[in-house]
Amino acid sequence: MSHDLDPRTGLRETLPIVFSYFGICFAIGVIAQTNGFSLWLVLLLSLFVYAGSVQFIIIGMLASHTPILAIFGAAFLVNARIILMSLTVAPHFEEPKLWKNILMGSLLTDETFALAMNKANYTGSKLTFRWFYPAEVPPYLMMICASFAGAWLGRYIPNPESLGLDFAIIAMFIGLVYLQINADRTIDRRLQLLLVGLVLLFIYFGMIFIPANLLILVVTLVGCPLGVVLKHVFF
Amino acid sequence: MSSFEYTLITIIGCGLITWLSRVLPFILLKKMTLSPAVREFLSFVPIVIMSALWFSNLFTQDLGHLPQLNLENCLASVPTLISAIISKNLLVIVTVGIVSLALIRLI
């Protein structure tokens with residue numbers, strides 16, 4: 001990752017995200033189609049709901065005839081972690097124009113958030129619209145195209161899983177966790193490693209009681225204050 | 001209400017919820033600043049969320065019981081992590097990850 005904050009750098013640095021969205025969004029298209037979504041509904045779904053986890057919830061809950069308010073509630077709970085991410089990344093931009101803030105916020109995802117926070121480690125914690133927006137648009141376009149392609153071509157592919165594409169997103173988080181620990185100088189490296197270990201334990205035991213989608217939010221709400229306490233007591 | 005309308009309303013409603021969760025913090029933080037305590041809390045968000053997203057994929061959930069190891073994803077994580085340490089390049093890491101899982105499924 002470079003120190004530059006120009007549009008070209010943004011386009012280049014977002015390539016891994018674009019690449020990894022192909023697999024997951026193609027899969028969403030296939031799943032939507034097999035659950036009775038028409039091509040146009042899949043297109044609407046990806047245009048309006050730019051969040052893979054929320055799309056999965058909509059498809060799954062509509063298929064099981066869940067009441068609409070329950071679907072909204074689930075969508076809100078899954079999005080709650082994005083509120084935390086948005087709060088975390090927004091102060092790095094000193095962007096005076098409201099519409100630019102709205103544009104950037106609209107296309108924030110787990111992955112573009114993680115990219116931006118990694119980038120902040122290399123730029124003295126400053127981020128710009130010129131860099132970030134060009135990094136956000138290609139993944140959005142890829143999501144729309146890939147889910148449309150998935151809904152269209154899905155029926156001809158016997159076993160899309162065998163290609164290993166669904167691992168792309170996980171691989172990216174592995175890379176981002178490593179790069180984050182490697183580059184973030186504001187938190188002691190041993191503390192970061194300790195926290196990662198604790199998160200592993202929380203996820204493992206939390207899975208007994210809490211549905212995985214919600215668990216990520218719960219672990220974040222427990223892990224962050226724990227990090228603050230550990231930092232003040234031991235580091 | 002037809003099932004098409006029902007689906008449409010669900011999509012639009014969830015879209016609005018999704019959009020507002022991302023955009024409101026950007027708008028609000030233009031008007032106000034966060035206290036140092038909140039900022040310190042938020043400084044831990046990246047590492048905690050990123051590792052939580054990774055680890056939640058290493059297990060298969062079975063509510064009421066301990067989760068099972070997702071062996072495929074665990075095994076594929078090893079070469080992926082090694083490639084991260086060696087290359088420090090996301091595109092390389094993603095490629096190694098996909099190829100690793102495809103090979104594991106082939107065997």
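A, B, ... follow the sequence lines: proteins, then strands. Residue 1 opens every chain.
A:T14 pairs by the side chain to side chain donor-acceptor pair (under 3.5 Å) definition with nothing, not counting sequence neighbours. With sequence neighbours excluded, the residues satisfying side-chain contact (heavy atoms from CB on, under 4.5 Å) with A:L193 are A:I181.
Of the atoms belonging to A:V228, heavy atoms from both backbone and side chain fall under 4.5 Å from chain B. Proximity to chain B is absent for every atom of A:F202, based on heavy atoms less than 4.5 angstrom apart. For chain B, the nearby part of A:I187 is the side chain; its heavy atoms alone come within less than 4.5 Å. Using a 4.5 Å cut-off between heavy atoms, A:L179 touches chain B through its side chain atoms alone. Contact of B:L66 with chain A is made through backbone and side chain together, with heavy-atom distances under 4.5 Å. Proximity to chain B (any heavy atom under 4.5 Å) is shown, for A:H92, by neither the backbone nor the side chain. For a residue to count as touching a neighbouring chain, one of its non-hydrogen atoms must lie under 4.5 Å from one of that chain's; by this rule A:L62 touches chain B with the side chain only. Of the atoms belonging to A:L98, heavy atoms from both backbone and side chain fall under 4.5 Å from chain B.
Between chain B and the options A:G175, A:S106, A:A80, A:P96, the largest number of non-hydrogen pairs under 4.5 Å is found for A:S106. Comparing A:T88, A:V49, A:L84 by heavy-atom pairs within less than 4.5 Å of chain B, the highest count is held by A:T88. Taking B:T80, B:L24, B:L58 one by one and counting their heavy-atom pairs under 4.5 Å with chain A, the maximum is reached by B:T80. Across B:V96, B:I47, B:N89, B:I104, the residue that shares the most heavy-atom pairs under 4.5 angstrom with chain A is B:I47.
Residues of residues 31-40 of chain B that come within less than 4.5 angstrom of chain A, heavy atom to heavy atom, are B:L34, B:E40 in numerical order.
Pairing each heavy atom of A:V199 with each of B:S51, the nearest pair is CG1-OG, 3.8 Å. Closest approach of A:A51 and B:R22 over heavy atoms only: CB-NH2, 3.5 Å. Across every non-hydrogen atom of A:F167 and B:A76, the tightest pair is CZ-CB, 3.6 Å. Shortest non-hydrogen contact noted between A:Q180 and B:M50 is OE1-CE, 3.8 Å.
Annotation: side chain of B:L63 is not in contact with side chain of A:F209 (no heavy-atom distance under 4.5 Å). Side-chain atoms of B:F55 and A:V196, non-hydrogen and from C-beta on, do get closer than 4.5 Å to each other. Counting heavy atoms from C-beta on, the side chains of A:Y178 and B:K88 come closer than 4.5 Å. Side-chain contact between B:P25 and A:I83 is present, with heavy atoms from C-beta onward closer than 4.5 Å. Using a 4.5 Å cut-off on side-chain heavy atoms (C-beta onward), B:C14 and A:F72 make contact. With contacts defined as side-chain heavy-atom distances shorter than 4.5 Å, the pair A:R81/B:L53 qualifies.
With B:F44 as the partner, the side chain to side chain contact (heavy atoms under 4.5 Å, CB included) test is satisfied by one option alone out of A:L230, A:L195, A:L226: A:L195.
For residues 218-229 of chain A, there are no side chain to side chain donor-acceptor pair (under 3.5 Å) pairs, not counting sequence neighbours.
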